[in-house]
Amino acid sequence: MSFPFAGIALGCDYNPEQWPREVWREDVELMREAGVGFVTLGVFSWALLEPRPGEFDFGWLDEVVGLLADGGIAIDMATATAAPPPWLTTNHPEILPVDHAGHTLWPGSRQSWCPSSPVFREHALALVEQMATRYGQHPAVRLWHVSNELGCHNGKCWCDVSAAAFRRWLVERYGDIDKLNDAWGTAFWSQHYTDFEQVLPPRITPAVPNPTHELDFARFSSDALLDYHRAERDVLSRHSRVPVTTNFMVSSHQSEQDYFAWAPEMDVVSQDHYLDHRLPHPRAEQAFTDDLTRGVAGGSWLLMESSTSAVNWQPVNVAKRPGELLLDSLRHVARGADGVGFFQWRASQAGGEKFHSALLPHAGRDSARFREVIELGAALKAIGEVAGSPVEADVALLWDWNSWWACDLASHPSGALRYEDAPNRWHKALTDLGATVDVVHPSADLSGYGLVVVPTLYLCSDTVAPALAAVVERGGHVLVTYFSGIVDERDHIRLGGYPGAFRDLLGVRSEEFAPLLPGESVTLDDGSRADLWTEVLTVSGAEVVASYVDGPVAGTPAVTRQGTAWYVATRLDEGGTAALAERLVREAGVRQNPGARTGVEIVRRGRYLFVLNRSDDVAEVPVDGVDLVTGAAHNGMITVGSGSVAVVREGA
Ligand code: GAL
């Protein structure tokens, strides 16, 4: 299905119900001034669209749709089901979600509904039916937006209705209770079940819960919401040929949905991303997540939401400095976004998000932020021809939500080991070197990559090792890090020594883990330092690249290689990671965009070279072509100032 908006559109959530009618006309005028190409409408409008059960009021929305259509602004129409109205939660408190300790999550906020509730579904689908019949043929409606960020706040529910749905899911998965017993290893601690009816969601327990039970509940919870998406989509598709999406929350540090499983159900993959200033490198995380979103989408995707400046939900909500809005937005485009959306058009005057930035701030039109928005709108228009161009990557980095869910469960060798840490580290080291990385599922076709990175792939199926062996056989390089290949899909240990699935590929064997205490670090004989993790490793065919000179396993190998299959048995610090990444990139013949360095990101999309300079110095990049943002031609070299960006169409 083709992309719903032309060029690289600027977009935003639009919540006109928060404002008096007089403001709407001005909104559309200012949207046109800013170059807004699409708006997401109606996300939280249920209470106004259906003020009483079965009584609908579309008059105000018709008016807004008309104004937008007259203004030439395309609509991403939400089904308005994200937040149930108070009459629904009052009449049907059984739809409220329950947390794992048994607390009801009460109304008064948003998303107060259980994903498995048939009662919620019935009411929501009735509204979707109304929306679909009313707007499904409207020429301004170009995209359907199911609910909003499915799973945001209600990704898991432990209520009795969810318990029954979980049991049905388990019956479908295992068929027979003994298969479940085998998969969950219930011989442990007298957990053996004799009937599916005895199974509950993993509620709060006196001691550590069964890990496979938890893993299956994570899988079920992701599937339950995807099933909900399908239900809304099927109603929409009965009345309308407009493509359907729901905005993903792909994130490299928090997400409960397996978006690799979700993406095939979308006509367009759309995604929300907010810089998280609690992280050490928020913009490196953005680059990672963008590359992962592209991997999920299998190509271009739509950035549905981001922020023009601060959000309201972090401990300290950092504002963007001058120039950062353009740079951060074009980072998304460089990495595959074919549209840049924001939450939201006009900053709210009341409510829980009144301190969240918007395209039009509280200060109004006469503000630096709105001028930057206009500048962004113009830049996106100027680079419209980039839309659809593929990002070219020589490196694949494997990522799997199942592995994440299993890796981060309790009672592991080190509670300080988090799944997302190693993928982000290696991605940053590689992109700092000017390499481009596709973040893909372990089952992806790896045949086009010179280097495949496998960071803490704790859980994997039996098919991953042969796929990696095939990469090595054709001369490609594979890098596996600590705590990979440890368990199968049931979270059962692969016996015979770690890293179970990858022992033969790597020519190593580890008999015991020796994780490091917080603050403890070790030195390697190549001078690099490492922390978090060590293990009692011996080589059985591999060559030792570096060993520990101190720490609990001093004298044993830390980095090894068997031909082009590398193993890193510890968490190298940033310098050590960068040095090894540099060596791998060189040996694997990975293309590096010249001029890239820490703070200077360079990404190629088809004929277009994106140069994003966040460093304090000028960036000089060899290129012939025209900078689409400034219109200037460059023969041989472009100089991009600190805090600036260029998008060069190479060639004539
Ligand atoms: C998203 C959500 C928006 C808005 C935004 C604020 O999670 O979809 O409605 O709340 O966060 O950052």
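Side chains are part of it too, since the values below use all heavy atoms of this structure and drop only hydrogens, waters and symmetry mates. Counting starts at 1 for both ligands and their atoms, in listed order.
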What part of V43 sits under 4.0 Å from ligand 1 if we count only heavy atoms: the side chain, the backbone, both or neither?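 V43 to ligand 1: no contact under 4.0 Å from either part.
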Side chain, backbone, both or neither: the part of M249 lying under 4.0 Å from ligand 1 by heavy atom =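 The answer is neither.
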Has S309 got a side-chain atom pairing as donor or acceptor with S357's backbone, closer than 3.5 angstrom?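 A pair under 3.5 Å: no.
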Is S237 reaching over with its side chain to a backbone N or O of R233, donor-acceptor style, under 3.5 angstrom?
->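 Yes, the answer is positive, given that a donor and an acceptor are paired below the 3.5 Å cut-off.
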Tell me which protein heavy atom sits closest to [atom], plus the residue, atom name and distance to 0.1 Å.
atom: atom 10 (O) of ligand 1; result: E353 OE2, 2.3 Å
atom: atom 1 (C) of ligand 1; result: E305 OE1, 3.1 Å
atom: atom 5 (C) of ligand 1; result: Y274 OH, 3.4 Å
atom: atom 9 (O) of ligand 1; result: R110 NH1, 3.1 Å
atom: atom 7 (O) of ligand 1; result: E149 OE1, 2.4 Å

TODO: Check the pair F610, V386 against side-chain contact (heavy atoms from CB on, under 4.5 Å), reporting the backbone distance first and the verdict last.
DONE: CA-CA 10 Å; F610 285 72; V386 172; 3.9 Å; yes
(message) side-chain hydrogen bond (donor to acceptor under 3.5 Å, both in side chains), that's the test. Do E285 and H273 meet it? Break it down for me.
(response) CA-CA 10 Å; E285 191 279 338; H273 185 271; 2.8 Å; yes
Checklist line | Y274-H356 aromatic ring centre distance below 6.0 Å | finding: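 Close enough - the centres of the two rings lie under 6.0 Å apart.
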Q: Determine, stepwise, if the pair N424 / S252 fulfils side-chain hydrogen bond (donor to acceptor under 3.5 Å, both in side chains).
A: CA-CA 8 Å; N424 275 284; S252 75; 3.2 Å; yes
Against heavy atoms of [X], which atoms of ligand 1 measure under 4.0 Å?
X: F343; result: 3 (C), 4 (C), 5 (C), 6 (C), 9 (O)
X: F44; result: 9 (O)
X: W313; result: 6 (C), 12 (O)

Judging by distance only, is a nitrogen or oxygen of H356 under 3.5 angstrom from one on ligand 1?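 So ligand 1 has an N or O lying under 3.5 Å from an N or O of H356.
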- Message: Is it the case that over 12 heavy atoms from other parts of the model lie below 6.0 angstrom from the CZ atom of R365?
- Response: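 Atom CZ in R365 is not packed in, count stays at 12 or less.
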Review point. Taking atom CZ of R32 as the centre, does the number of heavy atoms from other residues, nucleotides or ligands within less than 6.0 Å exceed 12?
Key: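 Counting neighbours around CZ of R32, 12 or fewer heavy atoms of other residues, nucleotides or ligands fall under 6.0 Å, so no.
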